[in-house]
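Values reported hereafter were calculated over all heavy atoms of this structure, with side chains retained and with hydrogens, waters and symmetry mates removed. Since the structure is predicted, the reported quantities are computational estimates derived from the model, not experimental observations.
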Amino acid sequence: MIRNLDAVLRVGSPWPPVSEIDRLQTYAQNEALFNGEHTKVFQVLLKLFSSHTAEYNKIIIILNWHKRLSTLWADFLFGEQPMAIVSQDPESREQLYANDFVDRNRYWALCHSRQIDVSRFGHGIIEGYYEDGCKLQVVHPSKYFPIGDAFGRVQAHMIAWLEEPETADHIRQRRLYCRIHYPGIIESREYVVSSSGYIIAGPENESVVKTGISEPLVSVIENLTTSSGGLVDDYRDLDSIIKRMETRMTRVGRILDVHSEPLLVLPEDSGAFSKTEDGALVYDSNRKVLERVAGAGDPGYVTWEGQLTAAFQEFQTDLQQLYALSETCEACFEPSKLGAQASGTALRLMLFVPLKKVDRLKLVADPSIRAELQTFMAFELARGYAGAVPIESVSITWQDGLPEDFKETVQNVALLRAQGLIWLEQALKMLFKLEGKALQDAMEKLKGEQEIGRPEPPLIELPGAEENVEPEPAQ
């Protein structure tokens, strides 16, 4: 966090600020892990057997759990799209405008992308700006610098980035762009940064824009907050285990590759060997041939048993620890092992720990999303966007991200309906997720069929059946 913005952006100051270097380095490492470039972080993978350069080119097994875990939490939260509710009437102007705002900005897709940043970097940022309406974008955390007071409370948000270097008078320079979001104001500045990383000129091209609202147009969601402060990402506790698993699998793979081809044992006079001038045999490692010792039996193949059971047992142990520390389980990644008969309740019990983490993430995400939607729509209204209307409050209807067990849902709804605990409209909403006019049409159609009554089944005449004969009247 930056405490003194003027000191940080003063001519002669280094960029990036010294206080932010550790955070930015962590971002670079975690992004490399997410992208599968593990050898940039786990240097031991390059030197498993030898420090010789040729060994570096051997195949290294990368188990990209980092990416899988980050996308898992984003999928749980936003893979099944939530709903932003601003009015009880789905056809009201307020609700239609909110739906339009969410669709125009692909808002839930942005939230999914930001949640990946929350997992891998510890926080995610969305910034708003005006361009024929309020536009939203996800900002990479390496461009985000919070500005706080003496007590550590965030007072403003700075988005700053360096452009590609350019050469002027044989001197390589880069331009630093800063956009500072205060409540109600956006201030823009530019600086010149030398090739050695120091600000040498500025500020330039300064401008101030009033937003018309009392909140900054930057919204930040953090992963896990504690009284200790600082950012907590999902990778820190898992790096050592994943590195161990990748090292073990790479070693096992190389051992199996070396011994995948059997050795052929032939006698000395088979012609498979060459000799030096003094009569010594010359072995060619590429030919996979060994000399048969006299009296050792017929020529044949020599095979090898790796005895790698302990290695695979260690891998399974590491995998269980990975599940525990990442707050996941096997069912998150291999649902096919659960069988086709697992009910919705059984699946939720198996996923109890991951779902508790999702609930914890919602505790942070829900109030932030409600506040930022209200802020961004108020900003659009203040700028006079056609169709914008005042929004008093926003609520979010979350989905659980799990496959729906429709049979179990029908049984539960039927039981509640039979006990008189829910009404017809609520039952249809729970079963078919209907809203607005679609729900009203379904209710009217259902009530109409109930008034008419169930139609009688058609009479089916079986082949060979005797014709019905009316009985004769009694004498």
Side-chain angles (χ1 to χ4, degrees), residues 1-6 8-9 82 84-87 92-108 110-111 114 117-118 123-139 141 143-160 177-189 203 205-222 225 229 362-396:
M1 179 179 292
I2 296 175
R3 302 298 176 88
N4 189 335
L5 182 62
D6 292 334
V8 168
L9 296 179
I85 307 298
V86 299
S87 172
S92 66
R93 289 181 60 200
E94 292 82 1
Q95 189 61 56
L96 293 177
Y97 166 62
N99 294 343
D100 175 68
F101 180 87
V102 168
D103 293 340
R104 276 189 286 117
N105 285 284
R106 299 176 61 249
Y107 178 70
W108 299 120
L110 292 179
C111 286
R114 174 173 61 178
D117 286 349
V118 170
H123 61 179
I125 302 97
I126 284 183
E127 179 189 24
Y129 61 97
Y130 195 84
E131 186 179 289
D132 296 328
C134 180
K135 299 293 191 298
L136 306 179
Q137 63 180 357
V138 177
V139 177
K143 299 178 181 179
Y144 173 69
F145 299 87
I147 303 170
D149 59 14
F151 300 98
R153 296 171 296 195
V154 176
Q155 302 297 311
H157 309 270
M158 181 168 68
I159 311 298
Y177 295 90
C178 300
R179 191 163 55 243
I180 308 167
H181 290 261
Y182 296 99
I185 294 175
I186 302 176
E187 182 180 344
S188 300
R189 310 178 189 174
N205 300 328
E206 295 182 84
S207 65
V208 176
V209 176
K210 293 183 178 181
T211 63
I213 58 175
S214 59
E215 298 295 332
L217 295 178
V218 171
S219 179
V220 182
I221 291 182
E222 296 185 349
T225 57
K362 288 178 183 177
L363 286 176
V364 179
D366 185 85
S368 298
I369 288 176
R370 288 190 286 109
E372 71 188 19
L373 277 176
Q374 197 161 1
T375 296
F376 294 140
M377 288 189 284
F379 171 59
E380 202 167 58
L381 177 65
R383 295 297 298 266
Y385 180 78
V389 296
I391 302 298
E392 295 183 359
S393 64
V394 180
S395 63
I396 305 299

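In terms of the side-chain hydrogen bond (donor to acceptor under 3.5 Å, both in side chains) criterion, residue partners of Y177 (sequence neighbours excluded) are, by chain and number, E163. Every residue two or more places apart in sequence or in another chain was checked for a ring pair (Phe, Tyr, Trp, His ring centres under 6.0 Å) with Y97, and none qualifies. Listed by chain and residue number, L5, W15, M158, L176, C178, R189, Y191, I199 satisfy the side-chain contact (heavy atoms from CB on, under 4.5 Å) test with L9 (two or more places apart in sequence, or in another chain). Applying the side-chain hydrogen bond (donor to acceptor under 3.5 Å, both in side chains) test to R179 and every residue at least two apart in sequence or in another chain returns E127. For D100, the side-chain contact (heavy atoms from CB on, under 4.5 Å) partners at least two apart in sequence or on another chain are R104, Y385. With sequence neighbours left out, the side-chain contact (heavy atoms from CB on, under 4.5 Å) criterion links I125 to H123, V139, P141, Y144, V218, V220. Residues satisfying the side-chain hydrogen bond (donor to acceptor under 3.5 Å, both in side chains) test with D366, not counting sequence neighbours, are R370, W398. Taking Y130 as the reference, nothing meets the side-chain hydrogen bond (donor to acceptor under 3.5 Å, both in side chains) condition, with sequence neighbours excluded. Shown here are the side-chain contact (heavy atoms from CB on, under 4.5 Å) partners of K135, two or more places apart in sequence or in another chain: N105, Y129, E131, D132. The ring pair (Phe, Tyr, Trp, His ring centres under 6.0 Å) test applied to H181 returns no partner, not counting sequence neighbours.
S188 contributes no side-chain N or O that, together with a main-chain N or O of S207, makes up a donor-acceptor pair within less than 3.5 Å.
With a 4.5 Å cut-off on side-chain heavy atoms, L381 and I213 do not count as touching.
By the 6.0 Å contact criterion, CZ on R93 is open, its count of non-hydrogen atoms from other residues, nucleotides or ligands being 12 or less.
The stretch residues 210-222 participates, sequence neighbours left out, in no salt bridge (charged side-chain N to carboxylate O under 4.0 Å, His left out) pair at all.
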Please output the side-chain donor-acceptor pairs of residues 371-378 that fall under 3.5 Å, not counting sequence neighbours, one pair per line with the distance.
| residue | atom | partner | partner atom | Å |
| --- | --- | --- | --- | --- |
| E372 | OE1 | R114 | NH1 | 3.0 |
| E372 | OE1 | S219 | OG | 2.3 |
| E372 | OE2 | Y107 | OH | 2.3 |
| E372 | OE2 | R114 | NH2 | 2.8 |
| Q374 | NE2 | I391 | O | 3.1 |
| Q374 | NE2 | E392 | O | 2.7 |
| T375 | OG1 | A371 | O | 2.9 |

